[in-house]
Amino acid sequence: MALAEATEPTGSIEAVKARGHWAGAWARFRANRLAFISLIFCGLLVITAIAAPWIAPYHFTETDPTARLAPIGADGHWLGTDMLGRDLFSRMIYGLRTALFVAFGAELASLVVAIVIGLSAGYIGGRVDQGLMGITDVMYAFPSYLFAIVLVTVMGRSLWAVMLAIGISSWVTQARLVRAQVLSVKEREYIEAARSMGASGTTISFRYILPNAVGPLLVTTSFAIPAAIGAEAGLALLGLGVQPPTPSWGSMISEGTSYILAAPHLLLFPAGMFALTLLAFTWVGDGVRDAFDANGESR
Amino acid sequence: MVDVSDVAEPVTTERAASERPVIAAEHVDKVFNTRAGEVHAVRDVSLAVHSGQTLGLVGESGSGKSTMARLLMGLLPPTSGTVRLDGLDLSTVRGARLRQLRSQMQMVFQNPFGSLLPHYSAAANVAEPLRLHKRGDKAWRRERAVELLDLVGVNRRFVDHYPRQFSGGQQQRIAIARALALEPRLLVCDEPTSSLDVSIQAQVLVLLEELRSRLGLTVVFISHNLAVVERFADRVTVMCMGQVVESAPTEALFGAPRHPYTEKLLAAILPVTSDPLPQPDISWRSSPDQPSALVEVAPGHEVRES
Amino acid sequence: MHGNVRPRRRRLGTARLLGALFAASLTVSACGLFGDSNNSASPATGGDDAADAPADADRPDQILRLSSSNLPIIDPQVVTFGMWTAVRGIFEGLVLQNEDGTDVIPGVAESWDVSDDGLVYTFHLRADAGWSNGDPVTAEDFERTYQRLFTPETGDTGGGTAGANSYQAATNIKGAADFLEGVTEDWSDVGVRAVDERTLEIEVQSPTPGFLMSMTHPSMLPLHMDTVEEHPQDWQEAEHVVSNGPFMIDRWVTNSSMDLVPNPHYWDLDEVHLDRIEIALLEGGTTGAATVPYENDEVDIVGLANADIIRMESHPELVDHIRIAEGASYVYLATLRSKNPLLEDRDIRRALALGIDRDYVAEVTPDGQPGRSLVLGTVPGFDDSITIDDDVEEAQRLLAEAGYPDGEGFPEINLLTGSANVDVEAIVDSWQRNLGISAKADTVESGVLVERRWAVHDENYVGFYYGSFAGTPNWPTMVGSLWSPQDIQEFSLPAEVWEEYQEVQADGDLSATERNARLAELREDHASPESLQLAELVDQAMQATDPAEQEARFKEAARLREEEHLIIPVLWKDRYHAVRPTIQGLNLRPSTDAYYFKGISIAAEE
Amino acid sequence: MSFASYMAKRIVRMVLSLVAVSMITFTLLQMAPGNFADIQRISAGAAQFGGAGTEDMVHAFASRYGDDIPAWRQYLIFMKGAATWDFGPSYKYPTRDVQDIIAQGFPISATIALIAVAISLVIAIPIGMFAALRQNSPADHGTMFVITLGTALPNYLTGVILVVIFTLTFGILPSSGWSGPEHMVMPILALVLGPTAVLARYVRSSMLETLREEYVVAALAKGGRQSVVITRHALRNSLIPIVTVLGPLLASLMTGTVFVEALFRIPGLGLFFAQAAASRDMPLLMGTALFFALILMTMNLIVDLVYGYLDPRIRAAGGVSRWRSQKRLSRQAA
Amino acid sequence: MTNSLLEVRDLRTDFLLKSGRLRVVDGVSLTVEPGQALAIVGESGSGKSITMRSVMRVLPKTARIAGGSVRLDGRELTELPERQMRQVRGRQIGMVFQNAMEALNPTLTLERQLTEHLSWHGICGKAEARRRAIETLGDVGIPEPEKRIRTYPFQLSGGMRQRAMIAMAMVARPSLLIADEPTTAVDVTVQRQILDLLAEFKARGTGIVMITHDLGVARYFCDDAVVMYAGRIVERAPVRELLARPSHPYSTGLFRSTIEVGGRDRALAPIPGAPPDLAQRPPGCAFHPRCERAESVCRENEQMLLPLTVNGVSRGTSGRPGAVREAACWKVAAHG
């Protein structure tokens, strides 16, 4: 009948495979060479961090009294050693492990909190919104590192405490973002359409709103990861990071800074690696943003 | 002149009157509280649509017609007055029961892309209401979705594509398929064609006409386009600034408009094959603050005094 | 919103907004951002001096640039870094240390007499000693100052005097402890008396060797009490402070800088060569290398830490700038109390003490030497008889005897510390290597450290806390005061008694006398016999009038204490400084970080 | 909603938030292990004294708050003073009142922050515009690549690099201290990079968004020179949302330069705050925390007002809707 | 022969995409005389707006004019240096956009927006510009123009905004006005007012190009029409003749898709399918996949725009001089 014939799709659709939101973003991301290379690099970092015990030639506390402050290229310590003769390369790898563990853990935690709070504030609205946003207002006005300091001191300088401390200082922004996203997605016609189909609030929140608010959230999260890596180092710099001798890039940089004239490689490598990691993650974040930006709103 | 030949189940006015309307609004008011103050979007609107009938709701932007659609769908609670679906006051039901009722009334929106879930494929979009109302299992729902898409003319090959990948007309077909998935009795179409290109607009209208007659749907059709409404509706209600100014069988309204605003609307039409009507020499301005009554000037033809 | 027409007005363009921001920031920076708004002699106006002394064309500017840890206050009676700056030359006590810090030389007191029984010291103050406001320095000034020192909770003085007045134990001044503890409130019970304007009499509890040396401690410096009483809050601020040292505060910007200029009323101006001392007050959040500002010619004297020492020692020229004050402090490990009685066993403690590879620890610590006793090697008369040597075999044997052969089954030993130090890591490392036990550094924030040092830890936490300690290198201080017999007794208490002990200490309902009695009783009943014996030995030493006998008694006590191994010595630390070669007349003394500003001059570069 | 009632509402909310901040800070401080006196002794090298005998010190420092009174009363005493801008003396700086310390430290932090942000703006706006106008060109990619270095490098690392360059290599700038304008150079430089990167990205994306607006095409269609259209129509409108980042940015720099202050040993307020937290200096910590919160909230208020002032739509609406800016902010994750 | 006001010949515009050049305007020729209105009719994506933006040379960054000629009063615009082209824009050609809310700068007052180009072009001083702006606002039917000139666009109602935008386009009294769907975004009752307003300018001799997809608007307002499909003109005719007897199948389809009051009896015969993606332009006649009458020749070869003839006699150019009827269709050319 006429109907069927009338509905032959346009040319473009035949050429393109069924491609959702995510596939499109992924394709755009992949087309971004810098971001893609960075992602591979970050992937390698993650693998290195996970496999640290197998990759690192020494344990991070293992000392070599015969090779203290060994320079670059020393026997068995190709990045040299520190004052105690601990292998710099191994410590950097374990430092990476600390940094990534803290950063991913913190962001995961803050994401969960942000989603719960932002979603309820945005979707339920009204008093719930006012209340929750009041809380985030206060948290926002709160110098976040006070929280970090106290958490770390109350809980001890464990990985978990540092993670929590960093997570707590970043959930507020995320929650506000989720809320803003929810508010904007909520106004979209498909949410009204969903209600008219008889969808419940939970279904709407989690099945319809959340997946569509996830793009920007992913973008901020991908920027929050390097920020968290930086924050971990920052806390360590203030002497509040992960407890030594567990290596942290922050404490290595801090220590390296004092050896800046005596043994520059102690600063050079951790700082260089740190910067490189931050850059790679930031570039990934950039790529993610561009990938979702192009998706953007359909105007 | 009602073209009854296409309609599967011809409905006469008398018969319709004797039945209980499928959807009825009684003295409905809607006030929004905004930053800028109260906005009285809908004022004392009453209307009823009987089974198999199509009501055209016409008005310019800000006339309250879209708000009315949402009131009828129970998406917004009225500030006062009642909306009844099959005689059941929608304001008395809430939660799961209300969601249940929704299966009987569905809506087609103006912006087809905006109304489809962007992260669901065409088939998933169509199957979603079935899933929500727990109809069948997953495989069955998909099969049904594909059938429905077939019905509205979306090729099976593309059921797994995402809304973004379809053209506007196709998207609107998907939206229609979704609205039909639950086999509703009432379909509320809010400007379903106004965002589409001319040729596509006609396609969608033809589709809607055909589906209406084939499925015996009761339809509330909202549009600012008088020509579309004339073609599609059995009865037309003209709204202006939240009020009904005239309500009449289509033929009567277009043949002998009684309200100056209706005249003004008709005069504004720029026809393709004839010259437009001369601008009526009236400067009627609505003044909703001075209440005036709707008067029945002919059987089924009501006009607000002005 | 139609018709909501506002009157047209000019709006700030973004550019103008920026301009405003800039202007604002410049205005702010112009008015005293660097704290020199009301000061006449900022570095830029150093020309004043040049104008005064045009003849000294060859003489380099006598401006000494220093950096210091931040000085919140300089009240010498409150334990802060400020007290050490005060003693360098802002205030001057009755006596000063001699060049190598082994004896005293006259300060405000030009001479002194000691009674035959060694109990009464009579100081004769010089007539020309003057406060910076022109007032003469009198014996009454000292008496009033010491009364403040020994008065508990002198809150108004800008902080309590606690901490510093703990030092009075070393001075052993009669009645001071009682007065401080509130046993007596009668000042006349305390052995400090201004006989006349220029004669001060101090009576000690018992013959006190090293009394004079202990009078060089900052807490014994005099204050201008009229000023202190007039400005209880602000007397230390630059505009109020009155001092009697060779230098006085000219300018003091909190957390930023302190400038000193000569005190025109100082009695020995001939020995005051510097025109100005500029101290940069640096609060370090991170450890910056001290050598950076030094090599960049920002400071003239700077203390050196590990990395800095390595840097300077490896530099062909800078190596000559290093000046070392030997044996300035020692690093120790103090036993933590734990529900786990492991460390209440002296043999275990001994094993751990002997198992430390002190040579290795010293090696990773450039300013450290192996520390084998709690008495510094710089103490006159020190000999090896009191040292505890590293002995890995003995340590292993002891461990095996205690049921932990090769360290098997030995609980993990924690080293509680407030900062990440290489020496801590090296100790951990040497234990692991020598004894096969597991150990770890527990680096905590200082707030946690202060709570956990004294706490009784649970079953699975045993170990030591890490500390370092500086004191006057003489026997009374090293044996009688720093890790006093009472301290050792307290450390030897079993964990549950220690808990009770702390409860008594914290019991606010008890009077001071009652509390002390209860505490003494607990010590008597529960402290180790050796520690009680130690108290007797120290008492005997203090009473001894013959110096040789006294030294012998102290040595005996020290050995007894060291063999308890409750406090384990690890390192003796020297204090390294980088000093510009042009600086003359600087004497680094081993104790109390002291060098005096007096006598320093700056020579022309060669 | 009238402006006056809007302001009144905002101020009430600010006060409530401040009270909440103070309560949380106080509670956290109560929970934190250690106390001022003990920590002070440790850091002053008086580690050997301790155990007993610390109470008198604590009591002395707490003289303002009285002995042995419950925490909530201490809080009330503090807040009573705080209400009249009198936080009392700091523990650590007993001769000085907290408000004086703030008055001394804040201008330093604020000056550095303001100058850094001003420089950032001066650099970022042309860069952002340049990149936006050459969107997707190598120049754009190159600029943004370099700019990313700025966002990625934390300012303390930048600071260290600056020390290596200016102090160690060229020896032209002092490495630390605070006694003259030469001490401001490196701290400011260290702080400039991050905000420049953030702002430049922001300007770029905002500019791109604005360039897509039809009124820009309309202005071109009126015969406007491209540069004129960009400066008069596009730049202005694309800079309006910049205000929304500028406020929090300034606030965070004014309060959060602690790393840079620590590295260069600048007596700014951030450093005081960090010290106060580390040493449990209750009045100083509470005072600075409240002050920071006040600064942040004031900045937000100013941003809202300036935003409304710059955008006539919002001005006319009477209230200030930040939703739009929020939305923009969320898209610009930086 | 005298010059037409606007004469576009064989205009071609490309988009430079990553995948290559994409021709979006392909050989468009059209002519506008003073006091005449030309309708460009077509669906979205047919290239109507890009055509006119090519004329103005205000194209998106990725678009380039690939060839052809645009003459305004005989002056070639495509080769004009940018400096001189700017003098043409706004001064000789005015432009009205679909949505005034977007085309007016929200943060500038009407005065700024109405007068700025007068000073850019050095037409007059500030005071004079203001006077003219007020006058033009009055011309377009905005009450109290002295007061309204100080307002911001968002403070006006939709209809008033549209008028203000027309005033902005007309304040420099250009001889050609390009109106890009000027009534699509306004209510029906306002539509006619706007058109009547534009008609006044037309009556004063302004040539108008009206881009629209609404045949009713074209019929009411315009004299001639061109129908565009996939970047090309498929039919050209005086509007009324086009609507009376559309000849290209696409034009016919558009006409049959148009629903009109009173046309309820007329069966709707929508064009099947959707306009093609230009990146995958069908070979031959771009319309052939949707054309009921398509034959093999249509699938393979493209027909050029040819005058419609009946037995060799030019058809349907009744009346006005210069009015032509052309269509680009094998079927039409072959069968007349």
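Each chain gets a letter, A, B and so on, in the order the sequences are listed, and its residues count up from 1.
- The line from CG of B/Leu196 to NE2 of E/His213 is 10.0 Å long, rounded to the nearest 0.5 Å.
- Here the side chain of E/Asp187 pairs no donor or acceptor atom with the backbone of B/Glu60 at under 3.5 angstrom.
- For E/Leu243, the part lying near chain B is the side chain, with the backbone staying farther off; criterion is any non-hydrogen pair under 4.5 Å.
- Minimum interatomic distance between E/Gly273 and B/Gln203 (heavy atoms only, all atoms of both residues): O-NE2, 2.8 Å.
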**Request:** Take B/Leu270 and E/Val188, measure what side-chain contact (heavy atoms from CB on, under 4.5 Å) needs, and give me the verdict at the end.
**Result:** CA-CA 9 Å; B/Leu270 302 175; E/Val188 278; over 6 Å; no
**Request:** Check the pair E/Arg219 / B/Thr273 against side chain to side chain donor-acceptor pair (under 3.5 Å), numbers first and verdict last.
**Result:** CA-CA 8 Å; E/Arg219 180 188 160 96; B/Thr273 52; over 6 Å; no
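- Within 6.0 Å of the CZ atom in E/Arg281, the count of heavy atoms belonging to other residues, nucleotides or ligands exceeds 12.
- Taking CZ from B/Phe232 and CD1 from E/Ile259, the interatomic distance works out to 10.0 Å, rounded to the nearest 0.5 Å.
- E/Glu43 places a side-chain heavy atom less than 4.5 Å from the side chain of B/Ile200.
- Of the atoms belonging to E/Gln191, it is side-chain heavy atoms, and not backbone ones, that fall under 4.5 Å from chain B.
- Residues B/Ala268 and E/Thr189 approach most closely at CB-CA, 3.9 Å, considering heavy atoms.
- To the nearest 0.5 angstrom, E/Phe255 atom CZ is 15.0 Å from B/Ser199 atom OG.
- With a 4.5 angstrom heavy-atom cutoff, E/Arg240 touches chain B only via side-chain atoms.
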**Derivation and outcome, side chain to side chain donor-acceptor pair (under 3.5 Å), residues E/Ser257 and B/Gln201** = CA-CA 8 Å; E/Ser257 299; B/Gln201 186 174 337; over 6 Å; no
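- Contact of E/Phe221 with chain B is not made at all, since no heavy-atom distance falls under 4.5 Å.
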